Structure formats: structure tokens, C-alpha cells
Engineer: 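This is the structure I want to talk about, given as C-alpha cells.
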There are 2 protein chains.
Amino acid sequence: MGAGTKDQPNVTPRRVAQTRSRILEAVITSLDEVGYSECSINRVQQLAGVSRGALTHHFPSKEDIMVQTLLQLLAPVRGPASPTEEAQLLQPTPEMGTLPDQLQHLWHRVINTREGRALMEILVAARTDPALSARITPALWAYNDDFNRNIAHLYQASAAHAKEFSLLWSICRSFMRGLHSQAAYERDPEIITKMVDLFGRIMAPHLSPRAPAEGPPAAP
Amino acid sequence: MGAGTKDQPNVTPRRVAQTRSRILEAVITSLDEVGYSECSINRVQQLAGVSRGALTHHFPSKEDIMVQTLLQLLAPVRGPASPTEEAQLLQPTPEMGTLPDQLQHLWHRVINTREGRALMEILVAARTDPALSARITPALWAYNDDFNRNIAHLYQASAAHAKEFSLLWSICRSFMRGLHSQAAYERDPEIITKMVDLFGRIMAPHLSPRAPAEGPPAAP
DNA sequence: TTGGACAGACCATGCGTTCTGTTTTACGAT
DNA sequence: ATCGTAAAACAGAACGCATGGTCTGTCCAA
């Protein structure tokens with residue numbers, strides 16, 4: 001497993017990052033599978049396979065755990081810090097497809113995933129937790145700004161709603177978020193897909209994809 | 001069931017109903033203000049001003065509390081059992097107004113209320129609680145059916161989406177649900193109102209109000 | 001006298017936090 | 001190169017406390 005034969009200056013940072021990552025992954029899995037109220041420190045520790053000391057060393061309080069988890073969940077969509085993952089999420093497939101296709105992609109690959117559901121658990125929990133809310137609000141604002149800026153490279157509003165572009169995408173995201181609590185109780189899972197499709201067709205006239213000029217988002 | 005002629009034979013049933021109501025109200029308030037994970041039995045008991053014995057007598061387990069609270073929250077929108085409250089919720093004001101107005105009404109008076117937020121807390125919590133989920137799913141299905149049936153008296157889909165009427169309203173409800181987790185973190189609260197308005201204007205061409213013929217919903 | 005409505009004490013369990021150790025790494029002085 | 005030492009990384013026990021559930025007891029109407 002030894003990485004560098006000559007120098008391994010990052011063997012410890014790597015190990016540290018791995019421990020942190022294992023913990024955060026366990027938090028995400030727990031949030032998704034048992035929800036916020038059952039996402040206890042004991043459960044996370046056991047699932048991550050780390051000791052209590054390691055956990056409290058990296059995250060002194062439960063609030064820290066949730067804040068850092070949220071930051072990790074928000075990171076892929078944020079700025080071009082990690083172009084690889086961003087490409088998977090917002091930079092759509094080579095053929096961009098219509099808006100309904102794009103929304104289906106967003107729902108199945110981004111929103112309705114372990115990470116997406118975990119994010120929702122934190123958002124809902126933070127609504128009634130002032131301390132947590134205060135700590136995550138700046139990150140959420142920055143996330144919104146980044147999302148709007150990135151998505152503006154790919155879509156544009158119709159002439160009728162020129163100045164309401166970000167509002168249109170906020171509506172899309174709200175719809176997707178609400179789908180979370182709907183999907184769990186729908187008789188026929190196919191209905192969710194149909195809802196996304198119909199919603200996409202309704203929104204399509206107001207939100208058209210940009211001509212695929214060469215990409216300014218990738219370069220810098 | 002009429003009141004007693006002389007004495008008060010229903011003084012006890014009234015007292016019982018009052019105790020139950022005080023408990024459920026306390027649950028709703030707690031869910032709204034501190035969320036599901038902090039909605040403990042002790043808190044509810046203290047807020048309702050009842051003893052522990054009374055609480056466990058009416059609701060043997062915490063799961064029972066949540067199930068009964070959900071049923072209470074769903075009751076007003078369901079069948080014509082209580083036409084008074086239904087009138088406030090779905091039977092819009094004498095002048096029905098446009099769809100954006102109707103959605104604003106729904107958001108401000110139904111969804112974004114103590115009861116609406118409490119309902120969301122239960123829905124989110126039940127997603128990861130199989131026992132709770134199993135007990136509330138039938139009620140949620142019936143609620144959906146009742147809602148669709150009642151709203152069909154007031155609106156109709158455009159010709160293009162004739163058979164997708166209930167799907168259209170499901171989209172509306174999903175959007176509203178998602179607004180919950182958006183409203184808590186929006187910089188400018190006015191944006192929520194703008195989102196509802198724009199969404200209403202986008203949906204309006206596909207969901208037109210029916211001509212106000214005399215009402216079949218009132219008479220059974 | 002019975003059973004429903006309520007009152008309040010009691011209990012085992014799991015919670016989040018804090019604390020004291022032990023191992024590993026980093027790094028400047030030698 | 002080697003050593004010494006401080007800090008980081010990790011391990012695990014212990015603590016105080018709130019939780020949900022249970023259990024016995026009291027009141028009152030039927």
C-alpha cells in the first residue's frame with residue numbers, strides 16, 4: 001500500500017483525510033437510512049469503524065458533525081473547485097437533452113440519492129435548530145449563488161421572464177425538494193417520474209438551454 | 001348525542017376530548033417550534049399541562065402520538081366530514097381569484113402554518129421510520145384521494161393535459177412542500193412570495209378554475 | 001364495584017460530552 | 001543521521017442527564 005517509494009509527505013494527511021471521510025460517509029448513510037433524530041454519535045462511530053476519540057477529535061460536537069457534513073454535501077455543486085464532480089452534476093452529459101431529460105437526471109442522480117436525502121434531513125432539522133441554522137446559512141447562500149451562476153452557463157430564461165431566471169431555477173429546486181416527502185408515500189413510484197416529466201414540459205417554454213458554445217466553466 | 005336535557009351526561013366526554021385536544025395541540029406546536037427530534041414526551045406533557053399518566057393513557061406510545069397528530073392534521077382537508085374547516089382550506093373565498101392568488105392563499109394560510117410545518121416534520125421523520133410509515137401511509141393515500149376529489153370540483157386541467165389533472169396538483173403540492181425548506185434560508189422573505197406567484201402564473205394555463213356552478217361539495 | 005380518566009413515581013437505556021491515556025508524526029537541535 | 005519533544009491523531013472509559021416506557025395509586029361516574 002506504500003504510495004511513494006521516495007517520499008511520503010502526505011501519508012498522514014491522507015490517513016487523516018480518510019478518517020474524516022469515513023466519518024462523514026457514515027453520517028450521510030445514517031441520515032439517509034435512519035434520519036436525523038436517530039443519527040446518534042454512537043451509531044456514526046460504529047458505522048464508520050472509528051473510535052470515540054477519533055470522532056470527537058475531528059468533530060468536537062454533534063453540531064460540528066452536521067455542519068461539516070453539510071459542507072461536504074454542498075461542495076460538489078459549488079464553484080469549479082472540483083471540476084470532476086461538478087461535471088457529473090451540473091455539466092450535463094455531452095448531449096444535454098431537453099429540460100425534462102435534464103430534470104430527470106437531476107432527480108435520479110442528484111436529488112434522490114443518499115447525499116440528496118441526507119442534505120434534506122439536515123435542512124429540515126436546522127429549521128428548528130437556531131445554532132445549526134446560523135452556522136449553515138452562509139454556506140447555503142453561497143451554494144445558491146454558485147448554483148445560479150453555474151446554471152446560467154447552460155440555460156437562459158425566455159424573453160418573458162428575462163429577469164426571473166434564478167427564480168425559475170429556485171422553483172425547480174423547490175419542486176424537487178418537495179418530491180422527497182412525496183416519493184416516500186406514493187403508491188406507484190412511476191408517478192414521481194411522470195411528475196418530473198410533466199413539470200419539465202411545463203417549465204421548458206420558460207427555460208431554454210443555451211447554445212453549446214465552448215465552455216467557459218471548465219477552463220478557469 | 002344531543003346534550004342532556006337537565007344534567008350534563010357528556011361532561012366527561014367533553015373533558016376527555018379537551019385533554020386529547022390539548023395534547024395534540026402541544027405536539028403540533030412542539031413539532032413546529034423544535035422539530036421532530038426534540039419533540040419529546042416530557043416536552044409535550046409540560047406544554048400541554050397534563051400529567052404523564054393522562055398522556056400515556058390516551059397515547060400509549062410515542063408512535064401513537066405521532067399517528068394521531070397526523071390524522072388530526074389531515075382531517076380538515078379530507079372528506080366533507082367537517083365542512084366548516086374544509087371551507088376555509090379548499091373552498092376558497094367567495095371570489096375565487098386566479099390560480100396565483102389561490103396558491104398564495106394555500107401557502108400563507110395552509111402550508112406555511114404551524115399545522116403545515118408540523119405535518120412536514122412528521123412526513124420527513126416517517127420516511128426513515130418503517131413502523132410509523134406503515135401506520136400513516138393509508139391515511140396519506142386517502143388524503144390524496146380526497147384532496148384530488150375535492151379540488152376537482154374547483155379546477156379543471158387544460159385540454160392538453162386532460163388526463164393529468166391530479167398530476168398537476170401533485171406538482172403544486174410538491175412545490176409547496178419544497179418551499180418549506182427553502183423559506184427558512186432565503187435571504188429575502190419576499191422571494192418566497194415571488195416564487196409562488198411566478199409558479200402560479202406558469203401553471204395557470206394548464207389549470208383553469210371551473211365555472212362557479214352551484215356547489216355539489218357542500219351538500220352530501 | 002367496576003372500569004375509564006388521570007396523577008406521579010420509577011426504571012433501564014442511550015444520549016452527547018468530557019476526561020485521561022497511548023500511539024504516531026513533525027521538526028528543530030545536535 | 002539521530003535524537004528529543006511537542007503536538008496531532010487516536011483509543012476508550014466515565015459522567016450526568018434526558019429519554020420513552022412501565023408501574024402503582026387515586027378519583028369519579030356508571
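Note that the coordinates shown come from a computational prediction; the quantities given were computed from them, not determined experimentally. Proteins come first, then strands; the chains are lettered A, B, ... in the order of their sequence lines, and each starts at number 1.
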Engineer: Write down the atom of B/Tyr143, the atom of B/Arg173, and the distance for their closest heavy-atom approach.
Structural biologist: CE2-NH1, 4.0 Å

Engineer: Taking the basic N atoms (NZ, or NE/NH1/NH2) and the acidic carboxylate oxygens, is any pair closer than 4.0 Å for B/Glu38 and B/Arg43?
Structural biologist: no

Engineer: With sequence neighbours excluded, what pairs up with B/Asp32 under the salt bridge (charged side-chain N to carboxylate O under 4.0 Å, His left out) test?
Structural biologist: A/Arg127, B/Arg117

Engineer: Pairs in or reaching into residues 107-136 of chain A: which pass ring pair (Phe, Tyr, Trp, His ring centres under 6.0 Å), with residues at least two apart or in two chains?
Structural biologist: A/Trp107-A/His180

Engineer: Side chains of B/Asn144 and A/Arg187 only: does a donor on one sit below 3.5 Å from an acceptor on the other?
Structural biologist: no

Engineer: For every nucleotide of nucleotides 3-8 of chain C, 5' to 3': is a protein heavy atom under 4.0 Å from its base (B), only from its sugar-phosphate (S), or from neither (-)?
Structural biologist: --BSBB

Engineer: Could you tell me the separation between the CD atom of B/Glu63 and the P atom of D/dG20, rounded to a whole number of Å?
Structural biologist: 13 Å

Engineer: Within residues 23-47 of chain B, find the residues that approach DNA chain C with a heavy atom at under 4.0 Å, and present them sorted by residue number.
Structural biologist: none

Engineer: What does the inter-axis angle of the helix from C/dT1-D/dA30 to C/dT30-D/dA1 come out as, five pairs per end, nearest 10 degrees?
Structural biologist: 10°

Engineer: Is the shortest distance from a Lys or Arg side-chain nitrogen in A/Glu25 or A/Arg20 to a carboxylate oxygen in the other one below 4.0 Å?
Structural biologist: no

Engineer: Would you call A/Lys194-A/Glu186 a salt bridge at under 4.0 Å N-O?
Structural biologist: no

Engineer: Rounded off to whole Å, could you give me the CZ-to-C1' distance for the A/Arg22 and D/dC10 pair?
Structural biologist: 13 Å

Engineer: Locate the shortest heavy-atom distance separating B/Cys172 from B/Leu207; write the atom from each residue and the value.
Structural biologist: SG-CD2, 4.2 Å

Engineer: Would A/Arg149 and A/Asp146 pass as an ion pair if we require N to O under 4.0 Å?
Structural biologist: yes

Engineer: Please name all residues satisfying salt bridge (charged side-chain N to carboxylate O under 4.0 Å, His left out) with B/Glu115, sequence neighbours left out, ordered by chain then number.
Structural biologist: none

